There are 2 protein chains.
Amino acid sequence: MSDREKLEARLVWERPEPASRPAPEPLSREQIVRAAIALADADGLAAVSLRKVGASLDAGPMRLYGYLSSKEELLELMVDAVYGEMASEGPLTGDWRRALSAMAQRTRRAAKRHAWFIDLLGGRPHLGPHVLAHVEATFAALSGAPGFEHIDSVMLAVGTVDAYVLGALRNEASKLERGMNQAEWEAVSGPYIQRMISTGRFPMLAQVVRDATHPSADVVFERGLDCVLDGIAARLGR
Amino acid sequence: MSDREKLEARLVWERPEPASRPAPEPLSREQIVRAAIALADADGLAAVSLRKVGASLDAGPMRLYGYLSSKEELLELMVDAVYGEMASEGPLTGDWRRALSAMAQRTRRAAKRHAWFIDLLGGRPHLGPHVLAHVEATFAALSGAPGFEHIDSVMLAVGTVDAYVLGALRNEASKLERGMNQAEWEAVSGPYIQRMISTGRFPMLAQVVRDATHPSADVVFERGLDCVLDGIAARLGR
DNA sequence: GAACCGACCGATACGGTGTAAAGTACGATA
DNA sequence: TATCGTACTTTACACCGTATCGGTCGGTTC
């Protein structure tokens, strides 16, 4: 029997009036998004449910539907908020290469602050104001530079770097913090890998384990990025 | 009142014995994975639930737990199966550039056959036999080629191309088939974009809409890939 | 041949999800 | 002051992954 039913079991006459509700202070998309981001930062994207977000604002889940029309929209707003953070690092300076590199590093830093960001990045196309501003600024940094006279070449360069960054961050994230920490994961997968190698069917993997100097994630990211930028530079001359 | 309860409402004496169950033919991981892939191909990843997969094999959801210990494992098996498909296209031939390009295109074709593949790609590190074979084959195709004497340079090249492919496929997928088809999507986002442009705050976006020749997705993918490969080639000389 | 035992299967149940629908109370407006 | 719209809440639904457990069966041992 619910509390409600328990109350109504008494007659109207002796039943107290409902406590005058404490004038719920109005919400805002910004508050909601902040709460959602806090949850995602703390416990991962899976912890972002309309119920939990609502609860952290002393509201029921349905209350949020006054500000959003679906959970997808909330995620969209979260993405845009992160782009907002990135923009607050200031305008892009330097030549096209420095600009693209800076954008890549900003994205990576954002992904480090908000691990869930990566999972949301590749979803549907993002059209929030901060995203548009981000794209606009990136294009503007390249536009007009020698070799980037036509907008198509700008799009190719930005698109390629973007794709690399997206994939690299996803790979990076997949190797790290999978619920279990790095050590735990290696404890499970290590022996398996060893067993696979000892079958003799994977000589290259064996060589990787034996010879590879595993540089830090930062270095790996930067080297790959340099590669991509070199490719773009090579294309400019042609 | 459940069927069970309805039955038990009658006395034992007049209650029929349970129909002798039709000796459930044994399942296998392969069958399960095939069923899951069929579901995902038809209705998207979200349609893959243990209940539905089970149902399509005339089994309850719990039956599957004899073959898997979690849904994550099922997804992992699905990924490995796709790598198996890719491997069946035959061995890699040609120099390092052709090999990497072929791998990229194979991945892209696989993602076209199985749209859900992209969403699973960047998740946790994949360690299935077909994945290992894929990595092994890719490394082997590069190993020893001039400029790829050290395994580190092989890893850099493969890792960079992989990252690009991953990101490019994700971007590509995000622009296409978002539940609604392309036309519907543009009908919604188009006017919005127009309005944003007409604020005058996004001159570069305006230029994109005005001047850009939007090549097909195939061309865009290939151009970006060429860029990345050029970057790797440039690095070899040094 | 009978009795046991272990593996497996299925039903049930729990705690969670997003959100549709209906109910309810309050502020503004007529 | 009465009414109405609007915002919020409650309730409910359909579904999810999976823990638990009772029952059924096949194989093994006395």
Side-chain angles (χ1 to χ4, degrees), chain A residues 1-8 12 15-29 31-32 35-36 39-40 43-78 116 119-120 123 179, chain B residues 1-8 12 15-29 31-32 35-36 39-40 43-78 116 123 179:
Chain A
M1 186 188 264
S2 72
D3 287 357
R4 170 67 169 282
E5 282 164 336
K6 248 181 281 182
L7 265 182
E8 297 199 342
V12 209
R15 206 187 320 136
E17 295 200 32
S20 78
R21 280 181 283 181
E25 62 192 83
L27 291 181
S28 69
R29 284 195 188 156
Q31 283 177 38
I32 295 174
L39 274 173
D43 304 322
L45 244 202
V48 177
S49 77
L50 295 183
R51 284 173 167 82
K52 290 197 194 122
V53 172
S56 84
L57 295 165
D58 286 322
M62 295 316 281
R63 175 103 183 267
L64 306 182
Y65 277 86
Y67 303 83
L68 320 159
S69 62
S70 73
K71 183 182 178 179
E72 284 243 7
E73 289 192 355
L74 174 56
L75 300 179
E76 205 71 11
L77 290 171
M78 291 168 70
W116 45 270
D119 293 327
L120 261 30
Chain B
M1 186 189 264
S2 73
D3 286 357
R4 171 67 170 281
E5 281 164 335
K6 248 180 279 181
L7 265 183
E8 297 199 341
V12 207
R15 206 189 318 137
E17 293 199 32
S20 77
R21 280 180 283 180
E25 62 191 88
L27 291 181
S28 69
R29 283 193 190 158
Q31 283 177 33
I32 295 173
L39 275 173
D43 304 322
L45 244 201
V48 177
S49 76
L50 296 184
R51 283 173 167 83
K52 290 195 192 124
V53 172
S56 84
L57 296 166
D58 285 322
M62 293 317 284
R63 177 99 184 271
L64 306 182
Y65 277 86
Y67 304 83
L68 318 160
S69 63
S70 72
K71 182 181 180 181
E72 284 242 4
E73 289 193 354
L74 173 57
L75 301 179
E76 205 70 13
L77 289 172
M78 292 168 69
W116 46 269

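Chain letters run A, B, ... following the sequence lines, proteins first, then strands; residues in each count from 1. Nothing here was measured: the structure is a model prediction, and the numbers come from that model.
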Visitor: Which protein N or O atoms sit under 3.5 Å from an N or O of nucleotides 20-22 of chain C?
Guide:
none

Visitor: On DNA chain D, check which nucleotide each of B:Ser49 and A:Ala59 is closest to and give me the residue with the more 5' one.
Guide: A:Ala59
Visitor: Which residues pass the side chain to side chain contact (heavy atoms under 4.5 Å, CB included) test with B:Ser56, not counting sequence neighbours?
Guide: B:Ala35
Visitor: Tell me every residue that passes side chain to side chain contact (heavy atoms under 4.5 Å, CB included) with A:Leu74, counting only those two or more places apart in sequence or in another chain.
Guide: A:Ile32, A:Val33, A:Ala36, A:Val48, A:Leu50, A:Val53, A:Leu68, A:Met78
Visitor: Taking CZ from A:Arg63 and P from C:dC26, how many angstroms apart are they, rounded to a whole number?
Guide: 14 Å
Visitor: I need the CG-P distance between A:Leu75 and C:dT17, as an integer number of Å.
Guide: 14 Å
Visitor: Among residues at least two apart in sequence or on other chains, which ones pass side chain to side chain donor-acceptor pair (under 3.5 Å) with B:Ser69?
Guide: B:Glu73
Visitor: Please list, chain by chain and in numerical order, all residues satisfying side chain to side chain contact (heavy atoms under 4.5 Å, CB included) with B:Ala46, sequence neighbours excluded.
Guide: none
Visitor: Could you give the CD-to-P distance, from A:Glu72 to C:dG18, as a whole number of Å?
Guide: 12 Å
Visitor: Can you tell me how far P of D:dG17 sits from CD1 of B:Ile32, to the nearest Å?
Guide: 14 Å
Visitor: It should be established whether B:Lys52 places a side-chain nitrogen or oxygen under 4.0 Å from OP1 or OP2 of nucleotide D:dC16.
Guide: yes
Visitor: Looking at CH2 of A:Trp116 and CG of A:Leu39, how far apart are the two atoms once the value is rounded to the nearest 0.5 Å?
Guide: 11.0 Å
Visitor: Tell me the interatomic distance from A:Asp58, atom CG, to D:dC8, atom C1', rounded to whole angstroms.
Guide: 14 Å
Visitor: To the nearest 0.5 Å, what is the distance between CE on A:Met62 and CZ on A:Arg51?
Guide: 9.0 Å
Visitor: Hunt down any stem DNA chain D takes part in, defined as 3 or more consecutive Watson-Crick or G-U pairs whose two distances are each under 3.5 Å.
Guide: C:1-30 with D:1-30
Visitor: Do B:Arg51 side-chain and D:dG17 base share a donor-acceptor contact under 3.5 Å?
Guide: yes
Visitor: Please state how far atom CG in A:Leu64 lies from atom P in D:dA7, giving the value in whole angstrom units.
Guide: 15 Å
Visitor: On a heavy-atom basis, which atom in B:Ala47 and which in B:Lys52 lie closest, and how many Å separate them?
Guide: O-CD, 3.4 Å
Visitor: Output the rounded distance in Å from CD (A:Glu73) to C1' (C:dG18).
Guide: 14 Å
Visitor: Mind calculating the distance between NZ (A:Lys71) and C1' (D:dC15) to the nearest angstrom?
Guide: 14 Å
